[in-house]
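Please read the structure below before turning to the comments.
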Amino acid sequence: MAHPAAPGACERTVIENCAIATVDADDTEYADGHLVIAGNRIESLGAGRAPEGLENVVRRIDATGRLATPGLVNTHHHFYQWITRGLATDHNLFDWLVALYPTWSRIDEQMAHAAAQGSLAMMARGGVTTAMDHHYVYPKGAGDLSGTIIRAAAGMGVRFTLARGSMDRSEKDGGLPPDFAVETLEGALAATEETVGKHHDASFDAMTQVAVAPCSPFSISTELLRQGAELARRLGVRLHTHGSETVEEEQWCKELFGMGPTDYFESTGWLGEDVWMAHCVHMNDADIAAFARTKTGVAHCPSSNARLAAGIARVPDMLAAGVPVGLGVDGTASNESGELHTELRNALLINRLGAHREAALNARQALRLGTHGGAQVLGRAEQIGSLEAGKLADLVLWKIDGIGHSTIADPVTALVFGAAAPVTASFVNGRQIVEDSRLTTVDEDAIARSTRDEARRLARIAAES
């Protein structure tokens, strides 16, 4: 597909003297290369120095000692959990949810905004240029939660997908959330459609998109799944949910529906190239084949899967079968670091504990999961996820000549196997949002204070309730 070209009169930024991992279809790399950003697009890149005679060059960056990669793409998160980190640290998924739902159900708009800022800041300063948030807790009277999350992302300057979640199966119906924490079927569908209509942008360089995202089989009705899929396809947006996360979920689906999660999802219209699911840890050969046949995507969350003792997802088998796979932080109540660049390393290491051992993943496959794979999963591989002329200028410069990486000769190995590399510059849509590991668009210290205050306020409210 041809990418629309940036206008010739755009201001240009020239980056030179860096190693480049493009993560294009051929895994093209340059040991010493250049990139030219024109407006919000990558105009050109290649070996050696940039072409002479470029007009409207407003900035030149000497990127000696840096590795340029596509910006990282996060495919699964729950921003609100930033203000409930460090709780229920020795629980499995079901017990963890039961322990935390009563607290989560007390969030309001001010808390959601602060938590979104904290989650976004932690990711952005670590190389994430496209984020997503699966927000599904909408207590009555809590305010405009979807809107405040979207405004937080816009203020940070990050490209963003809001997966507008929902729950309509509470404790009285055999689900896990408290009764006061869920929406009605009709209310959830109407609010989701309203959010898509108000915020979704389908354009090539969209900064905000919306997906339809009922929460998980044990917190939603079959009808919400079925009608949610119909709604998403009528509106032309993507679908997202949790799937096959734990053994308990699989048993629960078989007891309630008479089939495993994948068959249940297929029966409700939830397999397809417009769908991606979080976790997918407990997948048999038939499940993986179904995902491959339908091109259903997977958000792999290695740290969260380990934190909640969910298991090791069969990522090598998924990739071999042709399943689109990206990486996810997951909520920061189950991945307290809140960073995606550490997931490159964790995905590689944890998958090597599985059946494929040292052949499970290599450094370049891990980087692909965090960039192009994530773009595929979000349906944006034509615009982002690799460094190619005509694509959007979402890219990161990693410092790899410091003490943590300077003795690792291969730049991609340094990034994935080494310590978390400092981000010296991060660009989203051609705009720099990180410089020398500090955000340029917001006050990090103010966010730290506000998130601490809102975490304490939520804890007080939950205790009083």
Roughly how far, to the nearest 0.5 Å, is CG of L67 from CD1 of I400? 5.0 Å
Which class fits the ring pair H134 and Y136: parallel under 30°, tilted 30 to 60°, perpendicular over 60°? perpendicular
Test side chain to side chain donor-acceptor pair (under 3.5 Å) on H300 and N351 and set out the steps. CA-CA 11 Å; H300 176 45; N351 279 281; 3.2 Å; yes
Can we call the ring centroids of F291 and F265 under 6.0 Å apart? no
Ring centers of W82, W104 separated by less than 6.0 Å: no
Apply side chain to side chain contact (heavy atoms under 4.5 Å, CB included) to the pair M132 and V73, showing each step before the final yes or no. CA-CA 8 Å; M132 70 80 66; V73 179; over 6 Å; no
Between S386 and T22, does the side chain to side chain contact (heavy atoms under 4.5 Å, CB included) criterion hold? Intermediate values first, please. CA-CA 5 Å; S386 60; T22 68; 5.7 Å; no
Main chain of A420, side chain of R345: is a donor-acceptor contact present, judged purely on distance under 3.5 Å? no
What is the distance from atom CD1 of I149 to atom OG of S119, rounded to the nearest 0.5 Å? 9.5 Å
Could you walk me through whether H282 and E249 pass the side chain to side chain contact (heavy atoms under 4.5 Å, CB included) test, one step at a time? CA-CA 9 Å; H282 296 278; E249 177 190 334; over 6 Å; no
Whether R159 and D205 form a salt bridge (side-chain N of Lys/Arg under 4.0 Å from carboxylate O of Asp/Glu) is what I want to check. no
Where does the angle between the aromatic ring planes of H78 and Y80 fall among parallel (under 30°), tilted (30 to 60°) and perpendicular (over 60°)? tilted
Below 3.5 Å, can you tabulate the donor-acceptor pairs from side chains in residues 209-216 to any protein atom, sequence neighbours excluded?
| unit_1 | atom_1 | unit_2 | atom_2 | d |
| --- | --- | --- | --- | --- |
| Q209 | NE2 | D201 | O | 2.9 |
| S216 | OG | S219 | OG | 3.0 |

Side-chain touch N74/D133, heavy atoms, less than 4.5 angstrom: no
We want to know whether S221 and E223 form a side-chain donor-acceptor pair, criterion being a heavy-atom distance below 3.5 angstrom. no
R238 side chain vs E273 backbone, donor-acceptor pair below 3.5 Å: yes
Could you tell me whether the side chain of V23 reaches within less than 4.5 Å of the side chain of L367, counting heavy atoms only? yes
Output the distance between atom OG1 (T13) and atom CG (L35), rounded to the nearest 0.5 Å. 11.0 Å
Between R457 and E464, does any NZ, NE, NH1 or NH2 come within less than 4.0 Å of an OD or OE carboxylate oxygen? no
side-chain hydrogen bond (donor to acceptor under 3.5 Å, both in side chains) test vs S304 passes for just one of N335, T332, D330, N346, namely D330
Evaluate the side-chain proximity of S450 to M111: yes if any heavy-atom separation is below 4.5 Å, no if none is. no
Side chain H135, main chain L162, donor-acceptor under 3.5 Å: no
Could you tell me whether the side chain of T148 and the main chain of D144 form a donor-acceptor pair under 3.5 Å? no
Taking every non-hydrogen atom, the tightest pair across E382 and K391: O-CE, 3.7 Å
Give me the atom names and distance for the closest heavy-atom approach of R85 to E336. NH1-O, 2.7 Å
Which atom of E454 lies closest to which atom of A114, heavy atoms considered: CG-CB, 3.7 Å
Would D401 and K399 pass as an ion pair if we require N to O under 4.0 Å? yes
Within 6.0 angstrom of E194 CD, more than 12 heavy atoms from elsewhere: no
Does D24 reach the side chain of L387, with side-chain heavy atoms less than 4.5 Å apart? no
Take I37 and R12 through the side chain to side chain contact (heavy atoms under 4.5 Å, CB included) test and state the conclusion after the steps. CA-CA 5 Å; I37 299 172; R12 289 178 169 84; over 6 Å; no
Tell me if a side-chain donor or acceptor on E43 pairs with a main-chain N or O of A38 at a distance below 3.5 Å. no
Just wondering, do P302 and I312 contact through their side chains at under 4.5 Å, heavy atoms? no
Run the ring-centre check on H76 versus H242 and record whether the distance is less than 6.0 Å. yes
With rounding to the nearest 0.5 angstrom, report the CZ to CD1 distance, R66 to I61. 10.5 Å
If only atom types and distance count, is the side chain of E109 paired as donor or acceptor with the main-chain N or O of L145 below 3.5 Å? no
So CD of Q432 and CG of L439: to nearest 0.5 Å the spacing works out to 11.0 Å
Check ion pair E193-R234 (N to O, under 4.0 angstrom): yes
So, the side chain of K140 versus the backbone of E183: is there a donor-acceptor pair under 3.5 Å, distance only? no
So, D95 side chain and H91 main chain: donor-acceptor pair closer than 3.5 Å or not? no
Can you find a pair of side-chain heavy atoms, one from M123 and one from E339, that are under 4.5 Å apart? no
Just one of V325, T296, L378 clears the side chain to side chain contact (heavy atoms under 4.5 Å, CB included) bar with W276, so which one? L378
When every non-hydrogen atom of L327 is compared with those of A366, the smallest separation belongs to CD1-O, 4.3 Å
Hey, could you give me the OG1/NE2 distance between T241 and H279, rounded to the nearest 0.5 Å? 10.0 Å
Of all heavy-atom pairs between L87 and R307, which one has the smallest distance, and what is that distance? O-NH2, 3.3 Å
Can you tell if the side chain of T130 reaches within under 4.5 Å of the side chain of V158, non-hydrogen atoms only? no
Heavy-atom donor-acceptor pair, R380 side chain to F204 backbone, under 3.5 Å: yes
Atom of V182, atom of P177 and distance for their closest heavy-atom approach: CG1-CB, 3.9 Å
Any side-chain heavy-atom pair from P217 and W252 closer than 4.5 angstrom? yes
Backbone N or O of C301 within a donor-acceptor pair of the E343 side chain at under 3.5 Å? no
